[in-house]
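The structure appears right after this line, and notes come after that.
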There are 2 protein chains.
Amino acid sequence: MSTAPDDGSAGRRGRPPVTEEERRRRRLEISRQAVALFREHGVAETTGEQIARAAGVSERTLWRLFRTKESCVEPLLSVSLDAFVHVLRSWPESAELGEHLRAAYVMPPEDLEAVLAVVRMSRDEPGVRAVWLVLHERAEPVFAAALGQRLGLPADDLTVLVRAAAVNAALRVLSDALAWSDGADPSSGMLDEHRDRLAEELRALTELPARRP
Amino acid sequence: MSTAPDDGSAGRRGRPPVTEEERRRRRLEISRQAVALFREHGVAETTGEQIARAAGVSERTLWRLFRTKESCVEPLLSVSLDAFVHVLRSWPESAELGEHLRAAYVMPPEDLEAVLAVVRMSRDEPGVRAVWLVLHERAEPVFAAALGQRLGLPADDLTVLVRAAAVNAALRVLSDALAWSDGADPSSGMLDEHRDRLAEELRALTELPARRP
DNA sequence: CTTTTAATGGCAGGGACTGCCACAAAGACG
DNA sequence: CGTCTTTGTGGCAGTCCCTGCCATTAAAAG
């Protein structure tokens, strides 16, 4: 018997749908273009048509790939959150969180710079801020799964959900703080300090005693 | 000497500006109308003109009072958050949080019902969800002020900010849980259970040990 | 090549907002 | 009282975000 699962494409006619991975890469590329435009001219002054032209697609397909203009920043911000998710998932039971963060919490420097720029611009752009918050919330189930495993509780347990949301909030607050801490030089010790601080707060949250009976 | 502060209106000419309080009441009234329409017809099917007519104002003034269509739900949701802020502020040092919540965490039942309905609808309405999350975030400085006072730390201390965000997140998660827990009968014991659960999670968060040196 | 399915692009249109201006409301001052 | 000054409201035109629809193209299988 075959070990490969049947994806239903055996003898299938017609053009195959694009891979989910391809779609993600494409959205990310457009996102980078959009953020560049947003940074240069501001969000309100950047039109959907400009984004589409910069990305080399028609406006129609742009609106198929993104629900709103502001949500064009989402894939880029996701790079940052995905990096953190990777940290949580690869966190060995024994390791010290600070050390692990230092080793595993990495991403392309130019993406990091762009992410921090978006976070800064989200202060005066409510639409962008909303995307940032919604994106953070969407990451919570993943956090809950990781935390639940660590605590030996189901991922939909209320305590686990609350704690996942708390971890999420800590990550957001500290990311904001990093973005606003003299953003001129993110490659300096600020990043390390940010990571240490994050590790410290997360340890406090994850070492919380279980709920009383 | 006079004790009343000079508001600069002495001998002032022209029509006096509308009170902030009046503006808030007006926005809340429109918000109730908008939510009623959203519940009846859905958000996408409700037009700005309809909201304006239902509220008895011109469309032009509607857009002066609300940035976007979805943000019309904000003042109503604020009722819920303001109630919690009131709880935090009036929380005596000695009292047990659960008891205090039970006594002070109250609001008009019809508003509560509408708030829970909006929270439920926010699951499939990204715009509404965004308003809910942004509103929650805007409450964090208030939480930070209250927590900072309790911990004897400045309100802009990073640890205080993180903890305020965690409290905020717990409130949001539990509100969501309440909204989805068989919303047919919010007047039953569900509400009390929600409050107890909230008190429990908040106690865990607020009793966190201070950061290690 | 034909058939079939998926993706794109162009076009028309609705509706959310905004800038602008005229006008009404509400007070101070003569 | 009328006049002046400031503030809020309504109406209108216009821009742009975004959607539904259809024709066209791309990529496979037969």
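Residue numbering restarts at 1 for every chain, and letters A, B, ... go by the order of the sequence lines.
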Can you give one letter per nucleotide of nucleotides 18-28 of chain D, 5' to 3': B if a protein heavy atom sits under 4.0 Å from the base, S if only from the sugar-phosphate, - if neither? BBBB----BBB
Under a 4.0 Å heavy-atom cut-off, which of residues 41-56 of chain B touch DNA chain C? Thr46(B), Thr47(B), Gly48(B)
Any residue in residues 17-34 of chain A with a heavy atom nearer than 4.0 angstrom to DNA chain C? Just list them by number, or reply none. Pro17(A), Val18(A), Arg26(A)
For the residue pair Tyr105(B) and His194(B), does the interplanar ring angle fall in the parallel (under 30°), tilted (30 to 60°) or perpendicular (over 60°) class? tilted
With a 4.0 Å cut-off on N to O distance, would you call [X] and [Y] a salt bridge?
X	Y	value
Glu110(A)	Arg32(A)	no
Arg172(B)	Glu140(A)	yes
Glu201(A)	Arg163(B)	no
Asp82(B)	Arg89(B)	no
Glu137(A)	Arg129(B)	yes
Arg120(A)	Asp176(A)	no

Tabulate below the donor-acceptor pairs under 3.5 Å that side-chain atoms of residues 13-22 of chain B make, not counting sequence neighbours, or state none.
{"from": "Thr19(B)", "atom 1": "OG1", "to": "Glu22(B)", "atom 2": "OE2", "distance (Å)": "3.0"}

Just checking, any donor-acceptor pair under 3.5 angstrom between side chains of [X] and [Y]?
X	Y	value
Ser78(B)	Arg138(B)	no
His100(A)	Ser90(A)	yes
Arg26(B)	Thr61(B)	no

Can you name the residues that form a side-chain hydrogen bond (donor to acceptor under 3.5 Å, both in side chains) with Arg60(B), not counting sequence neighbours? none
Over its full length, what angle do the end axes of the helix from dC1(C)-dG30(D) to dG30(C)-dC1(D) make, each axis taken from five pairs and the result rounded to 10 degrees? 10°
Hey, does the side chain of Thr61(B) come within less than 4.0 Å of dG10(D)'s phosphate (OP1/OP2), counting only N and O? yes
